[in-house]
Structures are given as structure tokens and as C-alpha cells.
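The structure appears below as C-alpha cells.
What's counted below: heavy atoms across the whole structure, side chains too, no hydrogens, waters or symmetry copies. Numbering of ligands and ligand atoms starts at 1, following listing order.
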Amino acid sequence: MSRPFYLTTAIYYANGAPHIGHAYEIIAADVVARFNRLIGKEVFFLTGTDEHGIKVQKTAKNKDTTPQAYVDEIAQIYKTEWAYLSITQSRFIRTTEADHYRVVERLWQQLVDQGDIYKAAYEGLYCPVREAFLTEREIKMLQDAGEDLSQFERVTEENYFFRLSKYKDQIKQFLEREEDFILPRFRRNEVLNQLEELSDISVSRSTKSVSWGIPVPNDPDQVIYVWIDALSNYLTGIGWPEDTAQVEKFWPPNVQVIGKDILRFHAIYWPAMLMAANIPLPKSLLVHGFITVSDTKISKSLGNVITPKDLVERFELPNVDPIRYYFMATTPFGQDGSYTDEDFKAKVNADLANNLGNLLNRTLNMTKKYFNGVVPAFSKDYESLILISELNPIREHYDNYRFNEAISEIMGFVDRANKHINEQEPWTLHKDGQLEKLGDVIFAILDCLRQVSILLYPVTPTLTKHIWSQLGFQVDLDQADWRWINGMLTPVGQQVQLGEPILPRLESEIVGSGGKKK
Ligand code: MSP
């Protein structure tokens with residue numbers, strides 16, 4: 001019986017194409033999805049675009065188009081990019097979809113009916129970039145840092161408010177009790193501190209200032225703004241409330257992948273909304289750090305935006321797996337990561353082109369040369385290079401989102417296999433006619449490559465599929481099961497398919513980090 005697993009990412013603002021920071025989040029989520037399928041779970045994986053708000057409205061106007069036409073274009077770009085990155089989402093949700101409107105209206109009405117949403121005058125400093133009013137604490141931090149507060153709009157208007165303060169104690173108890181709700185755990189204190197200054201939040205705007213949003217039911221002068229709309233996507237995505245079978249199966253989410261900048265909304269507003277609506281709370285928020293370019297924030301105004309396609313072109317990559325690999329291997333989950341071209345090239349060359357690529361190539365060449373391209377038989381003395389006991393830490397690393405550590409263990413096997421060749425010298429065994437021993441050595445390495453293909457599949461699906469098919473397997477690696485790693489062996493007699501190197505060495509000459517090819 002497969003166990004259901006509901007996984008979400010943040011939904012991305014539909015005001016520009018995704019860059020490597022957004023890609024980082026969806027790649028991490030895809031690794032979680034693929035790993036969980038590998039260990040036998042039925043995964044529902046949701047991602048999508050957050051399409052309402054003042055920024056979209058303004059950008060559309062500047063481009064002389066309608067907000068709807070503009071978000072249609074951006075959503076399509078996201079879908080194409082996610083396909084390009086081999087993302088295996090089950091549904092791509094857009095907050096402009098009709099079923100989402102129904103969900104938001106229904107929730108809204110429930111909260112109004114029970115007195116959790118009320119109307120009042122509000123005055124505050126509004127940050128259009130974050131689409132939120134600044135909290136007192138943020139204002140104080142900005143003042144302490146000598147920032148000019150006039151960059152924020154002072155907004156006074158009649159708004160609807162969500163009675164967040166009512167849920168403060170309940171949220172506090174929940175966060176204190178559920179140690180694994182916020183992962184990695186070190187981020188929990190930050191949220192508990194923010195709870196101290198909790199006040200009710202404005203959840204609508206007057207149509208005089210913003211019209212691009214879901215209209216407030218029974219009040220055409222207001223639109224719902226913005227977190228109730230955005231956060232509810234996780235309910236719409238799974239078919240709440242009509243699709244009761246699916247809701248029962250998958251709700252609540254097991255893992256919600258988000259960046260550290262939107263933790264407060266997911267760890268405070270979101271649980272409060274669900275508590276108010278009497279809906280069970282998610283199991284965990286998986287909070288990642290920020291990707292920078294050479295330690296500099298990625299921003300359009302700085303002109304340092306890099307997209308996955310830029311990297312593919314810059315390094316003439318045959319597919320996107322080196323990008324998936326690099327981010328998962330180099331950034332410990334939860335920490336910030338700094339991208340540089342030099343680092344990318346060095347890591348990809350060392351691990352994928354040299355270590356793994358060469359292992360495959362030399363092993364298949366020897367299989368061809370010494371055994372006519374057929375997987376050799378092994379003797380009773382044969383020993384596998386990867387033992388069952390060694391798989392447990394890897395599974396634990398994946399299970400606990402320590403992707404970099406899982407990868408480093410797997411690459412350790414690849415090192416071991418390369419060393420095994422160097423020490424055993426198959427060419428000498430062949431020359432000396434020790435064919436039985438030669439068979440053991442080649443078989444051990446072929447089978448190690450088979451195991452590595454499954455182990456690394458969540459991170460580099462395309463690359464490992466190439467290895468898998470070069471090893472001669474017909475069955476699709478997408479169908480693989482974690483138990484195959486040590487529960488089967490490469491079939492003796494299987495014909496290997498020596499092909500192109502899985503990844504040519506990246507040779508591009510780079511000028512400065514984040515720079516262009518010479
Ligand atoms: N629309 C809101 C989220 C609503 S979720 C109900 C939003 N959108 S966003 O496009 O600004 O960000 C989407 C996700 O991308 C967030 O989790 C954010 O942390 C992540 N990232 C944006 N830039 C990033 C980096 N430079 N590095 C890593 N992740 C980044 O917030």
C-alpha cells in the first residue's frame with residue numbers, strides 16, 4: 001500500500017521569469033518528490049503562480065496589456081521552465097483559476113460569519129515589494145539601520161482585518177509542541193519572537209488602490225489582499241473542498257517548501273487561517289536559504305539575474321542536471337548559497353564529468369574489450385562495492401533533507417569504484433589470464449554504477465537515466481524502487497550500450513564570476 005505524501009512549493013509571483021533562486025526551490029522540492037516516489041509513496045506535488053496584486057497590475061499597465069494577458073504569459077513561461085528543469089509536479093495552480101476563486105470566497109465567508117474578519121480603518125507603512133504592511137519591529141529595524149522610511153507608502157484606508165491576535169496563544173502552543181513543524185529547527189525561535197508582537201492583519205485593499213484581485217464577497221469596493229488569496233492555493237491545489245476523496249487522502253500537506261523570507265506568513269498567518277477554518281495544519285515547513293550570485297542578492301536592478309537557460313547556454317550543457325546537481329550538492333539545505341561560474345564549473349567537472357562520467361566510460365569500455373560488451377558472470381568470492389548497511393545513512397540524509405550529505409556519500413561510492421579499478425588493474429588481470437577475478441572486478445563496478453543510478457536519480461534524473469540505459473536496462477528508471485538498490489543485481493549476460501559520455505567536460509572560459517564566456 002503506497003502512503004500518500006502531499007508536497008508544495010511557494011507559488012511564484014507572476015511578475016517576471018524565474019531565476020536560479022526560484023529554480024533552487026523547485027529543484028529541492030522535485031528531489032523530495034522523486035525520493036518519496038522512489039521509497040514507495042504516492043506523491044501529490046503542487047506548484048504554481050501567484051497572480052494577483054499591485055505589481056502585476058502595474059507591470060501589465062506599463063506593458064500596455066491586461067493583467068490577465070500578462071499573467072497568462074508568465075504562467076506559461078513558468079510551466080515551460082519547470083518542464084525544462086525536469087520538474088514532476090502533479091498540478092500547476094494559478095490563483096486566477098475559477099476553482100481558486102471559489103475556495104477563497106468560501107473561506108472568506110466562513111471567517112466573516114464567525115467574526116474572524118471585520119472591517120476597520122487602517123493606517124500603516126506599506127511595502128509594495130513585499131506586498132505587506134511593515135510591522136513595528138521591522139520599522140524599528142529599518143530605523144536602527146538608518147534606512148529612509150519615505151520609500152514606503154503611508155496608507156490609510158478602510159480594510160478588512162483578520163483577527164490574527166485571537167490565535168496567538170494557540171499558535172504559540174502549536175509551535176512549541178511541534179518541534180518538527182519548522183525545518184531546519186533553528187528557524188523556530190525567529191518565528192516565536194515574531195509572535196510576541198502579533199496584531200490583526202489587513203486582508204483587503206480598496207479597489208481605488210488595487211483592482212487586480214479576488215473581489216471581497218458582498219463588497220465590490222474591496223479586493224482580497226494578498227496572503228489569504230496566496231496561501232489558500234494549497235487547499236485549492238488538492239481539490240478542497242469538493243474532491244473529498246483526494247482531500248482525505250492527501251490533506252494535510254506533509255512538506256511545504258518555502259524560502260526563509262516567507263516563513264512568517266507560513267508559520268503564523270497560515271496556521272491561524274487553518275485554525276480559524278477548523279482545517280488540520282500542515283506537518284512541516286521546509287525552509288531554504290537564499291541563493292546569491294557571488295554573495296550578491298539576485299536582482300533585476302543590479303542586472304545580475306541568471307536563469308537556468310543562461311547556464312545551459314553559457315556552459316553548453318546537454319541537459320539541466322548539472323544545475324540540479326550543483327545546487328543540491330553545494331548548498332546545505334537551510335543555508336544561503338552563493339553561485340559563481342568558477343565554482344559551478346569546478347564542481348560539475350570534478351564530480352559529474354570526471355568522477356562519475358569517467359567511471360562509466362572506462363568501465364563500459366573494458367566490458368566491451370574484455371567481455372564483448374556483455375555483463376560478466378561473477379564468482380563465489382564476489383563482493384558488492386555498496387553494502388546494504390551503507391544505504392541507511394543515505395536514506396536518512398534524503399529523509400532529513402540533507403541533500404548535500406546524501407550526494408557526498410553517493411560520490412564516495414563512485415570514488416571507491418574508481419579506486420577499485422586502479423588497485424585491481426583489470427588490464428593486468430586480463431593480461432595474466434585471471435578471467436574469473438576480472439569478471440568479479442568488472443561486475444562489481446557495473447553493479448555499483450547501477451546502484452548509484454538509483455541513488456542519484458532524485459537529483460539528476462536525466463543523467464542517471466543515461467547511465468541506466470548504457471548499462472543495458474530496458475525498464476524505465478522512473479519506475480525504480482529503493483529496494484532495487486540491493487534487492488537485485490545487474491543481470492549477467494545483459495548487453496551494455498556504450499554511448500556518448502554522459503557529460504562532456506565544461507570548457508567554457510569565464511571572465512569573472514557571474515560573467516560571460518570569452
Ligand atoms: N508569491 C509569494 C509566495 C506565496 S506562497 C503562498 C512569493 N513569491 S516569490 O516569487 O517572491 O518567491 C517564491 C519563492 O521563491 C519563495 O519561497 C522565495 O523564498 C523563493 N526565492 C525567491 N528568490 C530566491 C533566491 N534568490 N534564492 C532562493 N529562493 C528564492 O514570495
Ion pair present between Lys283 and Glu178, side-chain N to carboxylate O less than 4.0 angstrom?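 Glu178 and Lys283: not salt-bridged.
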
Heavy-atom contact under 4.0 Å between [X] and ligand 1?
X	result
Gly289	yes
Trp227	yes
His266	yes

Can you confirm whether or not the ring centre of [X] sits under 6.0 Å from the ring centre of [Y]?
X	Y	answer
Tyr326	Tyr339	yes
Tyr160	Trp108	yes
Trp240	Phe250	no

Proximal ligand 1 atoms for Asp50, defined as those under 4.0 Å from one of its heavy atoms: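 Those atoms are 1 (N), 2 (C), 4 (C).
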
Suppose I only count heavy atoms of Ala230 and a 4.0 Å limit; which atoms of ligand 1 are within that range?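 Per the distance check, 6 (C).
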
Please report the shortest heavy-atom distance between Thr307 and Pro18, naming the atom on each side.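 It is CG2-O, 3.7 Å.
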
Side chain, backbone, both or neither: which part of Ile291 has a heavy atom under 4.0 Å from ligand 1?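 Contact part for Ile291 vs ligand 1: both backbone and side chain.
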
Between Tyr234 and ligand 1, which part of the residue brings a heavy atom under 4.0 Å of the ligand: side chain, backbone, both or neither?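 Side chain only; the backbone of Tyr234 stays clear of ligand 1.
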
Return the closest protein heavy atom for [atom] as residue, atom name and distance.
atom	answer
atom 29 (N) of ligand 1	His288 CE1, 3.1 Å
atom 13 (C) of ligand 1	Tyr12 CD2, 3.4 Å
atom 7 (C) of ligand 1	Tyr13 CE1, 3.3 Å
atom 23 (N) of ligand 1	His19 CE1, 3.6 Å
atom 20 (C) of ligand 1	Glu25 OE1, 3.6 Å

Got an N/O contact under 3.5 Å between [X] and ligand 1?
X	value
Ile11	yes
Asp261	yes
Gly259	yes
Gly21	yes

Report the relative orientation of the aromatic rings in Trp227 and His266; use parallel for angles under 30°, tilted for 30 to 60°, perpendicular for over 60°.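 Rings of Trp227 and His266: perpendicular, as their planes differ by over 60°.
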
Any idea how Phe161 and Tyr118 line up, ring-wise: parallel (<30°), tilted (30 to 60°), or perpendicular (>60°)?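 Rings of Phe161 and Tyr118: parallel, as their planes differ by under 30°.
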
Walk me through whether His288 and Tyr24 qualify under ring-ring contact (aromatic ring centres under 6.0 Å, His included). CA-CA 9 Å; His288 62 77; Tyr24 172 68; 5.5 Å; yes

My understanding is that only residues two or more places apart in sequence, or in another chain, count here; which of them pass ring-ring contact (aromatic ring centres under 6.0 Å, His included) with Tyr84?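 Checked Tyr84 against ring-ring contact (aromatic ring centres under 6.0 Å, His included); zero matches.
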
Identified side chain to side chain contact (heavy atoms under 4.5 Å, CB included) counterpart of Ser338 within the set Asp295, Thr296, Thr331: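 Of the listed residues Asp295, Thr296, Thr331, the side chain to side chain contact (heavy atoms under 4.5 Å, CB included) partner of Ser338 is Asp295.
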
